[in-house]
Chemist: 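The structure that follows is given in the form of structure tokens.
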Amino acid sequence: MTIRTRFAPSPTGFLHIGGARTALFSWAYAKKQGGKFILRIEDTDVERSTPAAVQAIMDGMQWLGLDYDEGPFYQMQRIDTYKKVLQTMLDAGTAYYCYSSKEELEALRETQTLAGEKPRYDGKWRPEAGKTLPQVPSDTPPVIRFKNPQTGVVAWDDLVKGRIEIANSELDDLIIARNDGTPTYNFCVVVDDYEMGITQVIRGDDHVNNTPRQINMLVALGATIPQYAHLSMILGDDGQKLSKRHGAVSVMQYHEDGYLKEAVLNYLARLGWSHGDAEIFNMQQFCQWFDLDHITPSAAQFNTEKLNWLNAHYIKEATSDAISADITQRLAKLNVQVHAEPNLINVLNLYKERANNLNQLAKDIAYFYAVPVANAADVEKHLTDDIKPTLKTLAKQFSTIEWTAEAIHHEINLVVAQYGLKFPKVAMPLRVMLCGIAQSPSIDQVMNILGQKETLARISASLT
RNA sequence: GUCCCCAUCGUCUAGAGGCCUAGGACACCUCCCUUUCACGGAGGCGACCGGGGUUCGAAUCCCCGUGGGGACGCCA
């Protein structure tokens, strides 16, 4: 049997980090098994679903490279199918109409909660042999409920959490169609997972409690039960639950914030899953290694520091060519236009290995394309009056030499020796004059890439 | 409240009864490299939630606590 997994987000917001990991695991599992990965949009909540959210989710998946083999399927376009199945269940007696009003149910819940009981439907309209149902009210349109078994247990071997058993006595008859006739989540999931031939349902563990109900419905439909893998949640950096109000951000925000998708993917893969001591791996390796029995059942706390480390690794590993367009855009956002000279590739070659973020990288190299405003503290500390004569001598020499890093280095050494100084004594003021700050890569290499003309211009501007 | 789940360094994790004096990674600290800052290299600090069992032997299995989380919608 070929493996079929799905990612089934509801389009009520962007693709966040937890959703992205669920998608990643489902995707990787299908890849590993040579199966199919399906995208299904669960938009049956008309109130909250938006086309913008659908787009945001697809943008996120596209950025991460999580391509799907089938779909996207939209549940709202499958209403006819659901209605057909609903009718079948009504006919078979596995579902029934319920005329209890929302107010009535709310009151019921309140009483139960007050009495310390688990709130649940009381089965008022549930048909039983020999039971007389109440008079059907004329003014209340009915919902449809699933007739859940009342005895026995539902059990499944969760691929992440192990065997889970829940007594049917804990479950009530859930609503599978609203009083306007539209089907609800738990029902659509069941029909879709069944009809789409899903073999492994990989999803967040907030769905654990829905699973027994879904299994019961699957049984009622005579369907084969898929395997379930419930992923535990991802907590924020501070150990708190991620929510719209607290810390949950779109995966696209990571792009905005200067992260390479390779880093995000690698980080996410490693959050809750492991392959021995492997820390750094690409998606091809991940797809080869990925399996469901090395997933941690406990919640994982997001650690930005580690993501940063991975990001640094992947920036270092990327070719300058591969990131140059991205960096050009980020520089443009800083109002810095990249010119042909200094050559961006050379600049990136020099700076790549010291960066751990693309935005930071862009910021760090901006001085190559726009004369920097020197940091006052650095000027005061390094560009002192007593060093200026030396710098003037140096500038004069610089104008005469062949412009290579070696020659520049050699020239600095000569002047340094001439004045009886140490190398940093002139390297630091040069940094301040050329870069605006006292930290940079080797100053001779910086000068080499900056170019002779620009270097001399900046030095002379600083010394007058 | 009821049901369900979870529990190894600060964090992510390895660990399938003896390979564990508990391994790796991030972070942190020290040293080295050095032309500043980074990068890199070498070290260091640091954990099995508690209590009972089972067993010759438990981080690993069982039970009970404790702590954390999730679910209990005509949301998904």
Side-chain angles (χ1 to χ4, degrees), chain A residues 8-12 42-45 47-49 75 98 100-102 105-106 109 112-120 141-145 158 160-162 164-167 169-172 174-180 182-186 188-189 203-212 230 232-233 235 237 239 241 267 270-280 293-294 296-310 312 316 351-356 364 378 382 409 412 416 422-428 430-432 435 437-445:
Chain A
S10 66
T12 53
E42 311 219 319
D43 53 359
T44 50
D45 184 352
E47 297 284 306
R48 296 195 299 163
S49 297
Q75 291 187 322
C98 165
S100 296
S101 66
K102 285 183 187 178
L105 293 171
E106 211 166 297
R109 254 196 297 275
Q112 289 167 328
T113 308
L114 246 43
E117 289 166 28
K118 188 172 184 167
R120 48 152 48 124
V143 298
I144 300 175
R145 286 184 187 269
D158 196 277
V160 172
K161 295 177 184 289
I164 298 178
E165 292 186 15
I166 289 166
S169 57
E170 290 296 328
L171 274 23
D172 63 356
L174 77 160
I175 291 171
I176 56 180
R178 304 178 178 89
N179 62 191
D180 64 0
T182 59
T184 61
Y185 163 75
N186 270 298
C188 297
V189 168
R203 60 185 6 171
D205 74 355
D206 47 334
H207 288 291
V208 166
N209 293 276
N210 292 324
T211 307
H230 287 101
S232 54
M233 55 187 307
L235 274 19
D237 253 320
K241 184 191 173 183
Y267 181 73
R270 200 53 196 66
L271 202 57
W273 175 85
S274 61
H275 182 76
D277 288 339
E279 293 287 351
I280 291 178
D293 43 56
H294 284 87
T296 319
S298 53
Q301 191 171 317
F302 196 89
N303 185 214
T304 304
E305 298 282 6
K306 192 163 180 179
L307 206 212
N308 289 342
W309 168 70
L310 280 168
K316 216 171 296 174
Y351 266 83
K352 235 171 31 183
E353 72 169 23
R354 31 198 317 124
N356 70 0
D364 287 348
D378 285 335
H382 299 291
H409 189 90
I412 296 176
V416 156
K422 297 254 191 226
F423 196 101
K425 192 68 184 159
V426 300
M428 298 308 278
L430 281 172
R431 287 193 169 94
V432 175
C435 316
I437 54 171
Q439 293 82 41
S440 85
S442 293
I443 193 62
D444 43 28
Q445 296 197 54

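Since the model is a prediction, treat every value here as computed from it, not as a measurement.
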Chemist: C1' atom, B:A59 versus B:A16: distance in rounded Å?
Modeler: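 About 12 Å, rounded to a whole number of Å.
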Chemist: Give A:D45 one of three labels, base, sugar-phosphate or nothing, depending on what nucleic acid heavy atoms sit under 4.0 Å from its own.
Modeler: sugar-phosphate
Chemist: Whole angstroms only, please: what is the CG-P distance between A:L105 and B:G73?
Modeler: 10 Å
Chemist: I'd like a list of close polar pairs between nucleotides 16-20 of chain B and the protein, N/O only, cut-off under 3.5 Å.
Modeler:
none

Chemist: If B:G1 has a Watson-Crick or G-U wobble mate with both distances under 3.5 Å, name it; if not, just say none.
Modeler: B:C72
Chemist: Within the structure shown, what part of the strands sits under 4.0 Å from A:N210 by heavy-atom distance: base, sugar-phosphate, or nothing?
Modeler: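 Touches a base.
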Chemist: May I ask you to say what A:E42 touches in the nucleic acid, namely base, sugar-phosphate or nothing, with a heavy-atom cut-off under 4.0 Å?
Modeler: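 Contact class for A:E42: sugar-phosphate only.
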Chemist: Answer with base, sugar-phosphate or nothing: what part of the nucleic acid does A:A438 contact at a heavy-atom distance below 4.0 Å?
Modeler: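 Result for A:A438 = base.
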Chemist: Can you tell me if A:R48 touches the phosphate of B:A76, counting only side-chain N or O atoms and a distance under 4.0 Å to OP1 or OP2?
Modeler: no
Chemist: Does any non-hydrogen side-chain atom of A:F302 lie less than 4.5 Å from one of A:L235?
Modeler: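 No, side chains not in contact.
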Chemist: On RNA chain B, check which nucleotide each of A:M233 and A:A115 is closest to and give me the residue with the more 5' one.
Modeler: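 It is A:A115, whose closest nucleotide lies nearer the 5' terminus.
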Chemist: What distance separates A:D45 CG from A:D43 CG, expressed to the nearest 0.5 Å?
Modeler: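 The distance works out to 9.5 Å.
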Chemist: For a quick check, with a 4.0 angstrom heavy-atom cut-off, what is the B/S/- contact string for nucleotides 3-8 of chain B, read 5' to 3'?
Modeler: SSSSS-
Chemist: Sort out the partner of B:G17 for me: Watson-Crick or G-U wobble, both distances under 3.5 Å, none otherwise.
Modeler: none
Chemist: NA contact type, A:G272, heavy-atom cut-off 4.0 Å: base, sugar-phosphate, or nothing?
Modeler: sugar-phosphate
Chemist: So does A:D206 reach the base of B:G70 with its side chain, donor to acceptor, closer than 3.5 Å?
Modeler: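 Checked by distance alone, the answer is no.
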Chemist: Provide, to the nearest angstrom, the distance between the CG atom belonging to A:L271 and the P atom belonging to B:U13.
Modeler: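 My rounded result for the distance is 6 Å.
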Chemist: Decide whether A:S232 and A:D205 meet the rule of one side-chain donor and one side-chain acceptor closer than 3.5 Å.
Modeler: no
Chemist: Rounded to the nearest 0.5 Å, what separation is found between the CG atom of A:N209 and the NE2 atom of A:H230?
Modeler: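 Going from CG on A:N209 over to NE2 on A:H230, the span is 9.0 Å.
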Chemist: Run the side chain to side chain contact (heavy atoms under 4.5 Å, CB included) test against A:A312 and tell me which residues pass, sequence neighbours left out.
Modeler: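 A:A312 satisfies side chain to side chain contact (heavy atoms under 4.5 Å, CB included) with A:N356 only.
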Chemist: For A:P441, answer base if it contacts any base atom (sugar-phosphate contacts may also be present), sugar-phosphate if it contacts only those atoms, and nothing otherwise; contact means non-hydrogen atoms under 4.0 Å.
Modeler: base
Chemist: Let me confirm one number: the OG1-CG distance from A:T44 to A:N186, rounded to the nearest 0.5 Å.
Modeler: 10.0 Å
Chemist: Calculate the interatomic distance between A:Q301 atom CD and B:G68 atom C1'; express it in whole Å.
Modeler: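 Distance, rounded to whole Å: 12 Å.
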Chemist: Decide side chain to side chain donor-acceptor pair (under 3.5 Å) for A:R145 and A:S100; before the verdict, give the C-alpha distance in whole Å, the side-chain angles of both, and the deciding distance to 0.1 Å.
Modeler: CA-CA 11 Å; A:R145 286 184 187 269; A:S100 296; 5.7 Å; no
Chemist: Can you see if the side chain of A:S274 gets near the phosphate of B:A14 - specifically, an N or O under 4.0 Å from OP1 or OP2?
Modeler: yes
Chemist: Decide yes or no, distance alone: a donor-acceptor N/O pair under 3.5 angstrom between the base of B:U35 and the side-chain of A:H409.
Modeler: yes
Chemist: Provide, to the nearest angstrom, the distance between the CG atom belonging to A:D158 and the P atom belonging to B:G70.
Modeler: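 Distance check: A:D158 CG to B:G70 P gives 18 Å.
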Chemist: Applying salt bridge (Lys or Arg N to Asp or Glu O under 4.0 Å), name anything that partners A:K306, two or more places apart in sequence or on another chain.
Modeler: A:E279
Chemist: Looking for any heavy atom pair under 4.0 Å, which part of the strands does A:T44 touch: base, sugar-phosphate only, or nothing?
Modeler: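 The residue A:T44 makes sugar-phosphate contact but no base contact.
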Chemist: Counting N and O atoms only, with roles assigned by atom type, does the side chain of A:R270 sit under 3.5 Å from a partner on the main chain of A:I280, one being a donor and the other an acceptor?
Modeler: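 Answer holds: no.
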Chemist: What nucleotide among B:A25, B:U35, B:G70 has an atom nearest to a side-chain atom of A:I443?
Modeler: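 Of B:A25, B:U35, B:G70, B:U35 is nearest to the side chain of A:I443.
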Chemist: Tell which nucleotide pairs with B:U66, taking only Watson-Crick or G-U wobble pairs whose two distances are both under 3.5 angstrom.
Modeler: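 B:U66 is paired, partner B:A7.
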Chemist: Dump the intermediate steps for side chain to side chain contact (heavy atoms under 4.5 Å, CB included) on A:T184 and A:V143, then the final yes or no.
Modeler: CA-CA 10 Å; A:T184 61; A:V143 298; over 6 Å; no
Chemist: Between B:G69 and B:G52, how far apart are the two P atoms, rounded to whole Å?
Modeler: 28 Å
Chemist: What is the distance, to the nearest angstrom, from the CD1 atom on A:I175 to the P atom on B:C72?
Modeler: 13 Å
Chemist: Which value, in whole Å, describes the distance between the P atoms of nucleotides B:G41 and B:A47?
Modeler: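 Those two atoms are separated by 26 Å.
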Chemist: Summarise how protein sits on nucleotides 39-49 of chain B as a single string, 5' to 3': B when a protein heavy atom is under 4.0 Å from the base, S for sugar-phosphate-only contact, - for no contact.
Modeler: SS---------
Chemist: Start with the C-alpha gap between A:C435 and A:V432, add the side-chain angles, then the distance that decides, and say whether side chain to side chain contact (heavy atoms under 4.5 Å, CB included) holds.
Modeler: CA-CA 6 Å; A:C435 316; A:V432 175; over 6 Å; no
Chemist: Within the modelled atom types, does a donor on one side and an acceptor on the other bring the side chain of A:E117 and the base of B:G1 under 3.5 Å apart?
Modeler: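 It does not, because no donor-acceptor pair links the side chain of A:E117 to the base of B:G1 below 3.5 Å.
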Chemist: P atom, B:G43 versus B:G57: distance in rounded Å?
Modeler: 38 Å
Chemist: Counting distance alone, no hydrogens or angles: does the base of B:U35 have a donor or acceptor under 3.5 Å from a partner atom on the side chain of A:R431?
Modeler: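 Looking at the base of B:U35, it does pair with a donor or acceptor on the side chain of A:R431 (distance under 3.5 Å).
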Chemist: Hey, are the side chains of A:L171 and A:I166 touching, using non-hydrogen atoms and a 4.5 Å cut-off?
Modeler: yes
Chemist: Provide the distance between the two C1' atoms, one in B:G24 and one in B:A14, to the nearest whole Å.
Modeler: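 Result for the C1' pair: 7 Å, nearest Å.
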Chemist: Nearest 0.5 Å please: distance from the NE2 atom of A:H382 over to the CE atom of A:M428.
Modeler: 3.5 Å
Chemist: Look at the side-chain N and O atoms of A:K241 and state whether any lies under 4.0 Å from the OP1 or OP2 oxygen of B:G70.
Modeler: yes
Chemist: With sequence neighbours left out, what residues match A:K118 under salt bridge (Lys or Arg N to Asp or Glu O under 4.0 Å)?
Modeler: A:E170
Chemist: In this structure, how many angstroms lie between the P atom of B:G23 and the CD atom of A:E279, rounded?
Modeler: 16 Å
Chemist: Using whole Å, report how far CG of A:N186 lies from C1' of B:C72.
Modeler: 12 Å
Chemist: Could you give the distance from CD (A:Q112) to CG (A:L105), rounded to the nearest 0.5 Å?
Modeler: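 The CD atom of A:Q112 sits 9.5 Å away from the CG atom of A:L105.
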Chemist: Students often get this wrong, so: under 4.0 angstrom with heavy atoms, is A:R109 touching a base, only sugar-phosphate, or nothing?
Modeler: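 Here A:R109 touches the backbone only, sparing every base.
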Chemist: For the C1' atoms, the ones on B:U34 and on B:C39, what distance do you get once it is rounded to whole angstrom?
Modeler: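 My reading of the C1' atoms in B:U34 and B:C39 gives 11 Å.
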Chemist: Taking the side chain as every heavy atom from C-beta outward, state whether A:L430 and A:I412 have any pair of such atoms under 4.5 Å apart.
Modeler: yes
Chemist: Classify the nucleic acid contact of A:S100 as base, sugar-phosphate or nothing, counting any heavy atom under 4.0 Å across all strands shown.
Modeler: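 Base contact.
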Chemist: Heavy atoms only, 4.0 Å cut-off, all strands: where does A:H230 land among base, sugar-phosphate and nothing?
Modeler: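 The residue A:H230 makes no contact with any strand.
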Chemist: Nearest to the side chain of A:K102, which nucleotide is it out of B:C12, B:C74, B:G24?
Modeler: B:C74
Chemist: What integer number of Å spans the C1' atoms of B:U11 and B:C45?
Modeler: 15 Å
Chemist: Toward the 5' end of RNA chain B, which comes first, A:T113 or A:A427, by nearest nucleotide?
Modeler: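 Here A:T113 is the residue nearer the 5' end.
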Chemist: With rounding to whole Å, what would you report as the distance between B:G23 and B:G65 at their P atoms?
Modeler: 33 Å
